[in-house]
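Contents: one structure, followed by commentary.
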Amino acid sequence: MFVVRVALDIPVPTLFDYTVEDAAQVGQRVIVLFGRRQLVGIIMEVAATSALSADRIKPVVQVLHDSEPLSANLLDLLRFCSNYYHSPVGQVVLLALPARLRSDKPLKSKPAYRLSDGIADFEPLPVRQVVARRILDELAVHPCTFEQIKALSATAGAQLKRLVAAGRVQSFIHAPARISAAPHTFSNAHQLTPEQEAAVDSVRSAAGYGCFLLHGITGSGKTEVYVHLMDDALRRAGQVLLLVPEINLTPQLENYFSRRFSGVVLVSLHSGLSEQERLHNWQQAQSGAAQIVLGTRLAVFAEMPALSLIIVDEEHDSSFKQQDGLRYSARDVAIFRARQCAVPIVLGSATPSLESYHNAQTGRYRMLRLTGRAQSGARLPRVSYININQSVMTDGISEKLLREVGVRIGRVEQSLLFINRRGYAPVLMCTECGWLSDCRHCAGKMVLHRNENRLRCHHCGYQLRVPTACPGCGKAGLHPVGSGTQRVEEVLNARFPDARVLRVDRDSTRSKRAWNMMREQIHANEVDVLVGTQMLAKGHDFPALTLVGVLNCDSALYSSDFRAAEKLFAQLMQVSGRAGRADKPGDVVIQTAFPDHPLFRCLQNHDFEGWAAALLVERQMAGFPPFVFQAMLRVEGMNEPEVYEYLNLARASAIKLQHQVDILGVVPATLARRANHVRAQLLIQADTRRALQQFLRTWKPLLDALPARKLRCQLDIDPLEF
Ligand code: ADP
Ligand code: ZN
Ligand code: ZN
């Protein structure tokens, strides 16, 4: 009889003891009874005895053998996350796994194929069996999935089955980590620029862990640096983890990297996959069959036995931070993971987060700079401003910008109007009585979606038909205030009836297919003017695009979120980078009421350094990150007094601890009510990460002991949202 300590998805910070008959292994999945429920757990420890008395300890229902045990390395990483984010260890462990591994239904894993061990004893196949020979050649390089084989030829599926029946090829579910330094073809497209070369050399010469910040303007060839480093790692039979922010970018990137590394097995991991696909890809990473793992934040928890390089592209992107449940930062976890595995990590961005930038300046990370565009001839766009207080405007667009768009249409070049708001107008108002389209369930406004004739709350999803008369006074004086993408589209259609206008936002791209078709249209030059949200700002390369117009971004300049300006600068830099990537120079025109704001001046000069320096001075004076470290206690509940009482008790218990931390006041969240839940928060700050963590370790048990029956309480470490 052995005792195993099992991680379960239960919100208490402990492991649970069970007994097993036969020796079981750490990392194995087990089915256990918890109360009356049957749960899947992970064995975290094996022990000889338990503190529980023999009659209270239950036997494990079943030890599952249909998956490989998790490695000690991964379990360490998850334990670290549990400690750092102050989340129950069992929940962290189970959250990190693909959903299929969390369920007690037997796994139907998809097999992969490889050459049989006895292949050398077979006669070579006759030459005329072209397809079968191609399959064997492919498998000689690396194991393949059925899909990969099928892609070789129309008859490859049938041929593969014949080869398996003949014993030349074996199928397997869990490949033993057989990572071979199989020759892959690396298509080396370019002669590296001296700056790229220097960046590659720096990372190459890192022995073991090193964190590098690759700061390169858009178009400076960061991807080329990644590719060269990846090639290095693959040659040494290593696996590469590449984290990217946006899910809609992954198919594109998957194609790109597959093309650059033919013969390499690349899998992706993101929330757009089916459970089965995700399990399959995860297991490919775990077995070592997948050499490149490309994914969004959740991929940081992929099991990779031969991990030898991590790249985080667009490291400043806030989508690396999970905003509910386990509020982890995939970038920060990746850095910990790189250190744990003693491998280099490269954080790439044109506009690094101030945290990373500060770390690079103070020597914790190494700074690598790419200051010029990689393609000779490609120039940075010209940035100019239109003062909206001194311009003739049509529904939020200035005449001057409309003229510029007209000029581009005449030249058969593309323009992009960027506005970070979907829908027709952010609010509907009654000009008679001042009624506003407030959401009944939230503290926010309902957005007018004129195409569907609906008012829709973007916070809780509540929707209504647009009222014909004012619900307040009954008069017919309802008017849309402000603009969203649909309104801009309407203005453009009215002004340029012959132009092809395409709106790209979350409403128009609900299906993956719609978005793919749009991308093709854009590339085939079947679009004259694009209207889009930040979806369009990221990573896309539209060669015919020569004008970017930015509408309505001033609100970030007076936001209560101290990071709003930092984010706006990054966004504008990114969207500006879309203009004039090929041989045509680009123009960026920004409409603002504050053309003299330092943000706009730095943007005009493409001066990230100047901007960052100014922001850092401000942050230091105000005592904000990266000069302090923060944790936010967020509480939500139906009953306002309960929410505030909890937070006040929490605050009192924090003060009593007398730690070296600042305990701020209890305040409403920026969105003080969402879906009928009152939301409030309490911010804690400390001068060092260590001081903050020490405080949290003593405070968390007190929090857990407070009465909070119907409240949702979350501790958010290094919060990004305020
Ligand atoms: P970033 O990721 O920094 O925005 P990319 O890696 O996409 O930049 O590179 C921008 C363009 O420059 C791409 O079309 C790429 O093929 C090209 N490029 C990259 N490196 C070189 C190089 N050394 N010589 C010529 N062209 C290059
Ligand atoms: Zn009214
Ligand atoms: Zn709402």
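The shown structure was predicted, so the numbers you read here are calculated from the model rather than taken from an experiment. Numbering of ligands and ligand atoms starts at 1, following listing order. We're numbering straight along the sequence, starting at 1.
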inquiry  = One pair to check against side-chain hydrogen bond (donor to acceptor under 3.5 Å, both in side chains): Ser559 and Asp561. What are the steps and the verdict?
reply    = CA-CA 5 Å; Ser559 164; Asp561 175 0; 5.2 Å; no

ask   = In ligand 1, which numbered atoms sit nearer than 4.0 Å to a non-hydrogen atom of Thr193?
value = 23 (N)

query = Under 2.8 Å from the Zn ion (ligand 2), protein N/O/S atom count?
reply = 4

ask   = Out of Asn552, Thr533, Thr485, which one pairs with Arg421 under the side chain to side chain contact (heavy atoms under 4.5 Å, CB included) rule?
value = Asn552

inquiry  = Taking the ring of His215 and the ring of His316, is the distance between their centroids below 6.0 Å?
reply    = no

key: Glu413/Arg411 ion pair, N-O < 4.0 Å   = yes

key: Angle in degrees, rounded to 10°, that SG of Cys442 and SG of Cys439 form at the Zn ion (ligand 3)   = 110°

message = Looking at Asp324 and Arg327, is there a salt bridge between them, counting it only when a charged N and a carboxylate O are closer than 4.0 Å?
response = no

key: Salt-bridge present (Lys321, Asp716; N to O < 4.0 Å)   = yes

inquiry  = If we set the cut-off at 4.0 Å for heavy atoms, which region of His190 has an atom near ligand 1: side chain, backbone, both, or neither?
reply    = side chain

ask   = Any non-hydrogen atom of Val225 lying under 4.0 Å from ligand 1?
value = no

task = Please name the residue in the list Asn605, Leu572, Val383 that meets the side chain to side chain contact (heavy atoms under 4.5 Å, CB included) test with Phe600.
result = Leu572

query = Taking non-hydrogen atoms only, is Ile217 closer than 4.0 angstrom to ligand 1 via side chain, backbone, both or neither?
reply = backbone

key: Contacting atoms of ligand 1, where contact means under 4.0 angstrom from a heavy atom of Thr218   = 4 (O)

ask   = Given SG of Cys457 on one side and SG of Cys460 on the other, what angle do they make at the Zn ion (ligand 3), to 10°?
value = 110°

key: For Leu192, the ligand 1 atoms whose distance to one of its heavy atoms is below 4.0 Å   = 23 (N)

query = Are Arg204 and Asp201 within salt-bridge range, i.e. N to O under 4.0 Å?
reply = yes

inquiry  = Is there a polar contact between ligand 1 and Gln196, counting only N or O atoms under 3.5 Å apart?
reply    = yes

task = Please determine if Arg260 and Glu224 form a salt bridge, counting it only when a charged side-chain N lies under 4.0 Å from a carboxylate O.
result = yes

message = Whether the Ser353 and Arg331 side chains hold a donor-acceptor pair (N or O, under 3.5 Å, no angle test) is what I'd like checked.
response = yes

N/O/S atom of His441 inside 2.8 Å of the Zn ion (ligand 3), strictly under = no

inquiry  = Can you tell whether the side chains of Glu609 and Arg369 come within less than 4.0 Å, N to carboxylate O?
reply    = yes

Those atoms of ligand 1 less than 4.0 Å from some heavy atom in Gln191 = 22 (C), 23 (N), 24 (N)

message = Quick check on contacts: which atoms of ligand 1 are under 4.0 angstrom from a heavy atom of Thr223?
response = 2 (O), 5 (P), 6 (O), 7 (O)

ask   = Which of parallel (below 30°), tilted (30 to 60°) and perpendicular (above 60°) describes Phe569 and Phe608?
value = tilted

Side-chain donor-acceptor pair present, Tyr385, Gln604, cut-off under 3.5 Å = no

message = I'd like to know if Glu636 and Arg674 make a salt bridge, using a cut-off of under 4.0 Å between side-chain N and carboxylate O.
response = yes

message = At less than 2.8 Å, would any N/O/S atom of His458, backbone or side chain, sit next to the Zn ion (ligand 3)?
response = no

query = Taking N or O atoms only and a 3.5 Å limit, does Gly221 qualify as a polar contact for ligand 1?
reply = yes

message = For Gly216, state whether at least one heavy atom is located under 4.0 Å from any atom of ligand 1.
response = no

inquiry  = Taking backbone and side chain together, does His459 place any N/O/S atom at a distance below 2.8 Å from the Zn ion (ligand 3)?
reply    = no

